[in-house]
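Hydrogens, waters and symmetry mates are skipped; everything else that's a heavy atom, side chains included, is used. The residues of the chain are indexed from 1 along the displayed sequence.
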Amino acid sequence: MKNRKIIGLFIVLIGLSLFLFPFFRMELAKSEEKKLREDFQDQIHHLGKEKKAEVIEEAKRYNQSLQPSGEGAVDPFDREDLEVKNPLESFGDGDVLGFIDIPAIDVHMPIFVGATKAHLAKGAATIDGTPLPFGGKGYRSVLAGHRGYYDFPAFLDVDELKEGDEMKLTILDQVLNYRVVEKEAIYPYEIEKLASEPDRDLLTLLTCHPYPANWQRLLIHGERVEEPLEEGDDLVVEETEEKAPDVVKVSSKITRRNHLFTAILIIGGLLWLFFFVKLVGLLRRK
């Protein structure tokens, strides 16, 4: 009888562990993102103005070499084995280029160069064949992100964004602010939707749609709200002071979901501990 109880408790603990693991990973991912941001800020602080200027000059040359029509853009969700060449020779593969923050949907993600499977598993990434996100009139930067991943929501809630919502990029030590102006669902072959526009500084988020069928692509278009650089103007490398973020109300749906996940993790953790203590007690009395 006692052996059956022990086996039963083992099964319960294994089941609870499997159930709670994704919620635990999501909480852990938040801590990892915070540590990644701190490391990024430290890296940029020690990068030096000459190195920053070199990276920006490389990005400028790459952006100017692209077709404004978006021809050459690669859909990263169509290929599992996608490999991309890093156009920034002075910037290491796998290094964090910056961060994207979308307060309205509680998104805070690192940005990588090249939308490879490895990069998309950790955050957002630039799409090969589209301008790197350094701003400037006449450019549309495109950032890809999963519509939810194993251990973090990624772009799961971008369909909740509405006109006027803020999207902030921190690239090296530059801060670029965009506002949502439009969203649309397209087919993967509609590359022309990623074309740049001569007098606009644009940012587009790209993810799969509809979730979880994913046979289309959802585009969230944003336009820069600060005075963008004229096409061909030099990008200025400046040290920016860290400012307190504006208070933006997160969607009530997302807030409720976050509270629910936290409650599940706490209650589930207490249940796991309760059954574990019972199991230890039975093993000691055996």
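Taking the side chain as every heavy atom from C-beta outward, Leu16 and Phe275 approach each other to under 4.5 Å. In this structure, the side chains of Gln216 and Pro210 come closer than 4.5 Å at one or more pairs of heavy atoms. Within the 4.5 Å cutoff, no side-chain heavy atoms of Val107 are placed close to those of Val158.
Taking the six-membered ring for Trp and thresholds of 30 and 60 degrees, Phe112 and His119 have nearly parallel ring planes, at less than 30 degrees apart. Note on ring orientation: taking the six-membered ring where Trp is involved, the planes of Phe276 and Trp272 are parallel (angle under 30°, cut-offs 30° and 60°). Using a 30° and 60° split on the angle between ring planes, Phe24 and Phe21 fall in the tilted class, from 30° to 60°.
Annotation for Glu50: atom CD does not count as buried by contact number, only 12 or fewer foreign heavy atoms lying within 6.0 Å. By the neighbour-count criterion of 12 heavy atoms within 6.0 Å, atom CD of Glu71 is sparsely surrounded, having that number or fewer from other residues, nucleotides or ligands.
Separation of atoms CD1 (Ile105) and CE (Met167) is listed at 9.5 Å; rounding is to 0.5 Å. For the atom pair CG (Leu36) and CD (Gln41), the distance works out to 10.5 Å, reported to the nearest 0.5 Å. Atoms CG and CZ, on Leu202 and Arg224 in that order, are 11.5 Å from each other to the nearest 0.5 Å. One finds the NZ atom of Lys193 at 15.5 Å from the CZ atom of Arg217 (value rounded to the nearest 0.5 Å). Note that CD1 of Ile220 and CG of Leu203 are 10.5 Å apart. Values are rounded to the nearest 0.5 Å. Note: Thr255 OG1 to Asp106 CG = 7.5 Å, rounded to the nearest 0.5 Å.
Side-chain contact, Asp201 with Tyr178: a donor N or O sits under 3.5 Å from an acceptor N or O.
Put simply, the side chain of Arg147 gets close to the backbone of Cys208: a donor and an acceptor are under 3.5 Å apart. In this structure, Glu58 contributes its side chain and Glu89 its backbone to a donor-acceptor pair below 3.5 Å. Within the 3.5 Å criterion, the main-chain N or O of Leu161 finds a donor-acceptor partner in the side chain of Lys183. Although no hydrogens or angles enter the test, the distance criterion places no donor-acceptor pair under 3.5 Å between the side chain of Thr204 and the main chain of Val142.
The side-chain hydrogen bond (donor to acceptor under 3.5 Å, both in side chains) with His221 is formed by just one residue from the set Arg179, Arg140, Glu163; it is Arg140.
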Give every donor-acceptor pair under 3.5 Å between a side-chain atom in residues 125-134 and any protein atom, sequence neighbours left out.
| residue | atom | partner | partner atom | Å |
| --- | --- | --- | --- | --- |
| Thr126 | OG1 | Gly114 | N | 2.9 |
| Thr130 | OG1 | Ile127 | O | 2.7 |

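Listed by chain and residue number, Phe40 satisfy the ring pair (Phe, Tyr, Trp, His ring centres under 6.0 Å) test with Phe99 (two or more places apart in sequence, or in another chain).
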Please step through side-chain contact (heavy atoms from CB on, under 4.5 Å) for the pair Phe261 and Glu27, ending with a clear verdict.
CA-CA 9 Å; Phe261 286 177; Glu27 288 300 315; 5.5 Å; no

Output, in order, the C-alpha distance, side-chain angles, deciding distance and verdict of side-chain contact (heavy atoms from CB on, under 4.5 Å) for Lys52 and Ile44.
CA-CA 8 Å; Lys52 291 175 199 171; Ile44 297 305; 3.9 Å; yes

